[in-house]
Structure formats: C-alpha cells, structure tokens
Amino acid sequence: MAVPGPLIGVSCHYDVSRQTWQLGEAYAAAVYRAGGLPVALLPGDAGAAEELIKRLDGIILAGGVDVDPVHWGEEPQAGCGEIVPAADTFELALARCSLQWGKPLLGICRGMQILNVAAGGSLYQDINTQLTGVLKHSQQAPRSYATHRIFLAEGTLLGRLLGCRELRVNSFHHQAVRRLAEGFQVTARAADGVIEALEHPALPFVIGVQFHPEAMWQESPLFLELFTGLVRASRGESVF
Ligand code: MN
C-alpha cells in the first residue's frame, strides 16, 4: 500500500454464549478492498467513544441485534428481540460524537437504526407486528442474495454512489426506522414503504443503509461503492 489508508473503526457484535465481541470478516475485507484500514471497536464508556472518534478517520456502525426501545422512550413489545445494553450505549455515543465532529460514517442495518436513534429518531420494534402488508425483510436465503427491491430518491449521495434509481438488496431486519431523526433525509424505501436508507445532507458523508452491502460486494461490485465512498471521505477527498 503506497499511502496508508485512513483508519476506519468498525463496531463489534456481542456473542452472549461466548461472552465475546466479534466482527464478521466481510466488514474488514470490504474496508481493505476500498483502501482503508479497519479497526475493531470494543465497547467502552461515552468518554472512550469520544476519544476513539477523535482518532479515527471514519466509522462503520455494523449490523447486530435489536436496539433497546428505552432509547426512544418506549416499553419493550413482545416482538422486540435480543438486546445488548453495552453495545447500545457505546454505539449511540459513537454515533453522536461522529455527528458532532462531522466524521464520515456508514451505518449498516442495526448501524443505520443506531444512527437514527442517536440523532433523536425512533424505530419500529418489530415491523411484522406493527405494520400491515410488509414484505419479507428477514430473508431466508444466502446473505449475498438480493431478495427485495429498493427505490432510491433522486439527487442524493446514495443515489450518486450507486448510480441507479432501483436496486435489489438483501434484507435481514425486523426493526426499521419509524420517526426519522431531524436533519436526516430518507434516500431509499422498499415497495412496502419501509425505510431502507437515509443520509444527513448537511454533512459530507453520513449514510445509513438497512441492507448489508458487506455481504454483497464480492458478487455485486456496485455495493463496494459505499465503502470506497466512505474511505475517500475519510481521507478528506471528494467522494466523486
Ligand atoms: Mn429490507
């Protein structure tokens, strides 16, 4: 590598049975391929989150389990799944500091939901019980296989990165963004109206996607654009 890549912090997922923080290899592979240096972020307190954000060039909030509805002021409904309190508080702090410092950020699945909650938005705890006529968003198919379409808004960072108005994506979620956080814009929806992507138009690169591009880029190179865009922005370069 001629020029050292920017440091991209990636949040980890907690395996309760092994009491272990872990990170899927696909995230690191995508960051390396895009020209960045991935760093796994192990949860600490809000002060640790702030120090990490200061030192990192960019951040990926990765996929994981459900977000505790207490963070948007709700009691848990029966359809709410597993929660990891330490991951919630750490990642919410990472997202808030990132926004405050204007750091490039890519939120993936749970990561997009964390981003929205950190900025004051809310989530559906379980779209299958709270919405009617929803598509199957918890696909039972290989992770790299796209099962439903999304429709992208025109003139957005995401639309420019992906260069299309309609795309097939994978889907592994039963929570979804409900009330959009102030300052954010919806950039893609599924055919049932479920929010599939958002971004912060006033910041250089803050994107959330409900699908999993890290599981798709090896077979569909277009999805790598999300990571190359993040790495470019993290270098302080223009995204396009
Ligand atoms: Mn979906």
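Whatever order the structure lists ligands and atoms in, that order sets their numbers, starting from 1.
Between the Mn ion (ligand 1) and Ser171 there is an N/O/S contact shorter than 2.8 Å.
Between His174 and His137, the ring centre distance reaches or exceeds 6.0 Å.
Across every non-hydrogen atom of Pro69 and Gln125, the tightest pair is CB-NE2, 3.4 Å.
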Taking it one step at a time, do Gln210 and Ile195 satisfy side chain to side chain contact (heavy atoms under 4.5 Å, CB included)?
CA-CA 8 Å; Gln210 190 57 73; Ile195 294 174; over 6 Å; no
Evaluate Arg110 against Glu91 for salt bridge (charged side-chain N to carboxylate O under 4.0 Å, His left out), listing each step before the verdict.
CA-CA 10 Å; Arg110 163 187 167 84; Glu91 292 169 27; 2.9 Å; yes
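The name of the N, O or S atom in Glu196 nearest to the Mn ion (ligand 1) is OE2. Minimum-distance N/O/S atom of His173 relative to the Mn ion (ligand 1): NE2.
The NE2 atom of His148 and the ND1 atom of His137 subtend an angle of 90° at the Mn ion (ligand 1), given to the nearest 10 degrees.
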